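Remember, it's a predicted structure, so these values are computed and weren't measured experimentally.
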Amino acid sequence: MTRTRTRRAALAAVLALPLALGACSSSSGDDASGGPLELTALDYYTDEPSHTDTEKRLSDCAAQAGATISHSSVPSSQYNARVLQQVSAKTVPDVVMVNNPDLPQFASTGALVPLTDLDVDTSGYLPSVLETGQYEGDLYGLAPNVNTLVLFYNTQMLADAGVAVPTTWPELEAAAAALTTPEHQGFAYAAASGTEGTWTFIPFLWGNGGSQLDLTSPQAQEAVSFYTGLATKGYVSTSAVNWTQADAKDQFAAGRAAMMINGPWQIPSLNATEGLQWASTTIPVPAAGDTPVAPLGGELWTVGRSTPEREQAAASVVTCLNAPQTQLATALQNNTVPSDSASAQQLAQQQPEMAPIVQTVTTAKALTSDSGLKWPAVDAALSTAIQAVISGQESVPDALAAAQADVEAQ
């Protein structure tokens with residue numbers, strides 16, 4: 001799961017923006033009867049006004065491609081099952097929105113068409129973002145906007161304690177220790193069972209050179225030991241095993257934590273919190289000079305396999321939905337990062353608070369980049385292992401040995 005699934009209503013204002021001229025490539029778009037080609041589209045934006053506004057965006061893009069489009073939305077909890085049912089029945093829509101961790105599952109069926117086969121121009125995209133739409137070397141989806149994770153910190157608390165903004169693991173632990181008082185913890189993160197907890201931890205695994213498929217490696221054990229140690233040493237509340245990312249944000253906003261790992265979707269709430277002084281930076285790395293590597297969140301637009309004419313028209317719609325001008329407008333309103341490199345840099349200039357997020361996106365990776373079809377097993381196994389260590393039920397080696405066994409069993 002990526003955080004954009006819970007932010008459907010935030011799309012409304014942006015989806016009403018006028019389309020940039022020339023955003024879509026042209027297509028004759030006539031069906032066998034001589035009328036305009038009729039395309040279909042599916043997403044999980046069931047809430048209003050997002051559903052209606054997305055429908056307008058799709059219709060406008062289809063019109064520029066010389067076609068019409070019929071748009072349907074399915075609740076996110078039912079979405080994957082519906083798409084897989086359509087795959088089985090060979091009725092996959094022409095334009096399909098896919099949450100990026102689910103792409104391997106859908107692309108592996110052969111029901112999606114590689115966008116490179118349809119001559120879609122991706123020259124302006126950040127390489128890290130293009131990776132989220134790839135499966136086995138082929139590009140299947142484009143994300144107009146993405147998000148990721150950074151370290152948020154209370155600037156007043158750090159200043160009062162004389163603590164510098166941490167950039168490495170030793171600095172983070174020292175800062176968390178110095179900032180832990182009877183009034184507040186030094187640090188907060190989500191360690192609830194499931195994707196939010198796993199996703200929050202992954203930057204520490206990848207930053208240390210670890211792999212989701214080798215959870216008993218020294219790199220993985222070091223990452224889990226450091227991460228859970230912040231809780232077992234008292235710098236993070238052990239209640240974090242029940243915290244979602246929203247819960248971690250609440251702790252931070254209420255002054256009960258001096259730092260937290262979270263995403264840019266929390267920025268509106270933080271800005272609305274009276275008296276809160278905050279800033280953000282890239283997630284600390286094991287040692288100075290290491291590169292932060294965080295997972296990317298965001299939805300992809302893909303093309304369903306049908307006929308050459310329909311596929312080309314659907315590709316035009318996907319290109320239109322990803323127009324750089326629309327990407328930037330969306331990012332400015334929704335605290336996301338444009339996938340277009342120039343637009344991302346423009347965002348960082350116009351919204352300095354987004355600069356650390358933009359910087360992180362440039363070195364980030366798809367959540368499934370090293371797990372592929374095994375991501376669901378990794379997700380469940382890792383979150384269980386982290387919870388077991390924080391709660392004192394298992395040691396790091398034992399918890400990760402069990403997690404590795406669960407992943408290999410899938």
| query | Taking only residues at least two apart or on different chains, which pairs with a member in residues 155-175 satisfy salt bridge (Lys or Arg N to Asp or Glu O under 4.0 Å)? | reply | Glu173-Lys233

If we ignore hydrogens and angles and just use 3.5 Å, is the side chain of [X] paired with the main-chain N or O of [Y] as donor and acceptor?
| X | Y | result |
| --- | --- | --- |
| Glu394 | Val389 | no |
| Ser339 | Val129 | no |
| Ser280 | Phe152 | no |
| Ser269 | Gln266 | no |
| Gln327 | Asn322 | yes |

| said: Is it the case that the ring center of Tyr235 lies less than 6.0 angstrom away from the ring center of Phe187? | reply: no

| query | Less than 4.0 Å between a side-chain N and a carboxylate O, is that true for Asp60 and Lys56? | reply | yes

With a 4.5 Å cut-off on side-chain heavy atoms, are [Y] and [X] touching?
| X | Y | answer |
| --- | --- | --- |
| Gln185 | Val236 | no |
| Val98 | Glu299 | no |
| Leu300 | Met97 | no |

| task | Just say parallel, tilted or perpendicular for the rings of Tyr227 and Phe204, cut-offs at 30° and 60°. | result | tilted

| When rounded to the nearest 0.5 angstrom, what is the spacing between CE in Met260 and CD in Gln245? | 9.5 Å

How about [X] and [Y]: does a side-chain donor come under 3.5 Å of a side-chain acceptor?
| X | Y | answer |
| --- | --- | --- |
| Asn145 | Thr336 | yes |
| Asp379 | Thr195 | yes |
| Gln345 | Gln349 | no |
| Glu48 | Thr52 | yes |
| Asn271 | Trp278 | yes |
| Asn242 | Ser239 | no |

| request: Give every residue pair that meets the ring pair (Phe, Tyr, Trp, His ring centres under 6.0 Å) criterion with at least one member in residues 99-141, sequence neighbours excluded. | output: none

| task | Return the set of residues passing salt bridge (charged side-chain N to carboxylate O under 4.0 Å, His left out) with Asp43 (not counting sequence neighbours), or none when no residue passes. | result | none

